[in-house]
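Data first, discussion second: the structure below is written as structure tokens.
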Amino acid sequence: MTRTSIPFFSQAKTFEKIWPELRAGVDEIFADGKFSHSRQVGRLEKALAQYTGARHVIGVNSGTDALVLLLQACGLRPGDRVLVPAYSFVATASSVVLAGGRPVFTDIDPDTYAMRPGTIGEEAADGARFVLPVHLFSRMADMAALSAHAAERGLILLEDSAEGIGMRQDGVHAGLHGRGGVLSFFPSKTLGALGDAGAVLTDDDDLAEHVAALRHHGRTGRTLAHFPGISHETVHIGHNSKMDDLQAAVLLAKLAVLDEDIRHRAALARAYDEGLRDTPGITRLPAITGAPDEVFYVYLIETDRRDALVAHLHDEGIGTETYYPRPLHLQPCFRELGHRPGDFPVAEAASRRALALPLYADLTEAEVARVCAVVRAFHTGKVPA
Ligand SMILES: *Cc1c(COP(=O)(O)O)cnc(C)c1O
């Protein structure tokens, strides 16, 4: 019996679907002769502003740089404390350090995997100037409660909404509940490029202008090549964090099928839910709300025997990822903050137990059924028929 393998991620089929539109964009780039920070980037920013409802979208070269630029443009001063969850991708906290600040780790909510709103009232939050909640996998942090607490304490609220494209709470897109947020277009994200790219989202005109300057060596004025009156005045010490037009063309073509992809991912998540429900040893399945706009970036389960299951799935040709195998407060790069195992028990438990199963636009329900059969058989000791 031969079994085809199921990779953790693939977008080959999606690219077949969008190829004509992508080809047109690439032709335009060559006709223009401008490959960075030019017409396709401007177009993408407009399209994303429309999609998210943001007043401003500033295209940059990665989600990580989007965070650094956002923090700096919000006036982060050297040593400023920024509340971040202890369970996230490392860039949530490393961006704070790169921007000159100091991350203050907090434990997560066991239901959403996000920062608990109560965190802001706790002792650890004393002296913090910023709060940076993260929206992970398929759930947003409780932004109404976080906004209320942040306002009460005078904290500046930002969002690491790198995983949040398409996610909305109370009708407001992720990244727009505070001063600003970010998007990542790393290839495996819900809206992924063919390399690195990212964006800052904000409704604040001055903040948008500042971020736009910081991404381009600190130059002010309308610096996109398709705008007249290019300014070369350099007011800030900036970065080179511009977006490539090739990535923008890819993202524009994929944005046209994004809602379709999101619906397909939600259908696959429901198929996983049906296939895995009540499996002994699986201690957590993602909540399915059934809302028509539910977004699954990652389908993450928790199991008692995570590492053995990863090895077994690998032997069966099924790709997995462990998001995130080490909580941030125990990463060597944050050693000087002085944390120890046991400081944030919810984050630590999730790091030991969590496992992401394949979920992407190219994946079929038949493939999900096979993954479920293998995962169930592993936990029940029965080999699938
Ligand atoms: C992907 C991601 C980032 C970083 O984005 P890049 O585009 O890879 O730099 C930051 N935070 C979170 C939560 C992410 O998932």
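Every number for a ligand or one of its atoms is a count from 1 in the order of the listing.
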From CA spacing to verdict: salt bridge (Lys or Arg N to Asp or Glu O under 4.0 Å), Asp27, Arg23:
CA-CA 6 Å; Asp27 284 344; Arg23 179 66 212 244; 3.2 Å; yes
Identify, with sequence neighbours excluded, every residue that meets side chain to side chain donor-acceptor pair (under 3.5 Å) alongside Asp307.
none
If you look at each N/O of ligand 1, which protein N/O atoms lie under 3.5 Å away, and at what distance?
| residue | atom | partner | partner atom | Å |
| --- | --- | --- | --- | --- |
| ligand 1 | 5 (O) | Ser184 | OG | 3.3 |
| ligand 1 | 7 (O) | Gly63 | N | 2.8 |
| ligand 1 | 7 (O) | Ser184 | OG | 2.6 |
| ligand 1 | 9 (O) | Gly63 | N | 3.4 |
| ligand 1 | 9 (O) | Thr64 | N | 2.8 |
| ligand 1 | 9 (O) | Thr64 | OG1 | 2.5 |
| ligand 1 | 11 (N) | Asp160 | OD1 | 3.3 |
| ligand 1 | 11 (N) | Asp160 | OD2 | 2.8 |
| ligand 1 | 15 (O) | Glu163 | OE2 | 2.7 |
| ligand 1 | 15 (O) | Lys189 | NZ | 3.1 |

Who pairs with His173 by side chain to side chain donor-acceptor pair (under 3.5 Å), at least two apart in sequence or on another chain?
none
Say whether Asp196 and Ser62, considering side chains only, have a donor N or O and an acceptor N or O under 3.5 Å apart.
no
Apply the test salt bridge (Lys or Arg N to Asp or Glu O under 4.0 Å) to residues Asp80 and Arg129: give CA-CA distance (whole Å), side-chain angles for both, the deciding distance (0.1 Å), then the verdict.
CA-CA 6 Å; Asp80 271 353; Arg129 250 192 100 209; 2.5 Å; yes
Side chain to side chain donor-acceptor pair (under 3.5 Å) involving Thr289 - partner list, sequence neighbours excluded
Glu294
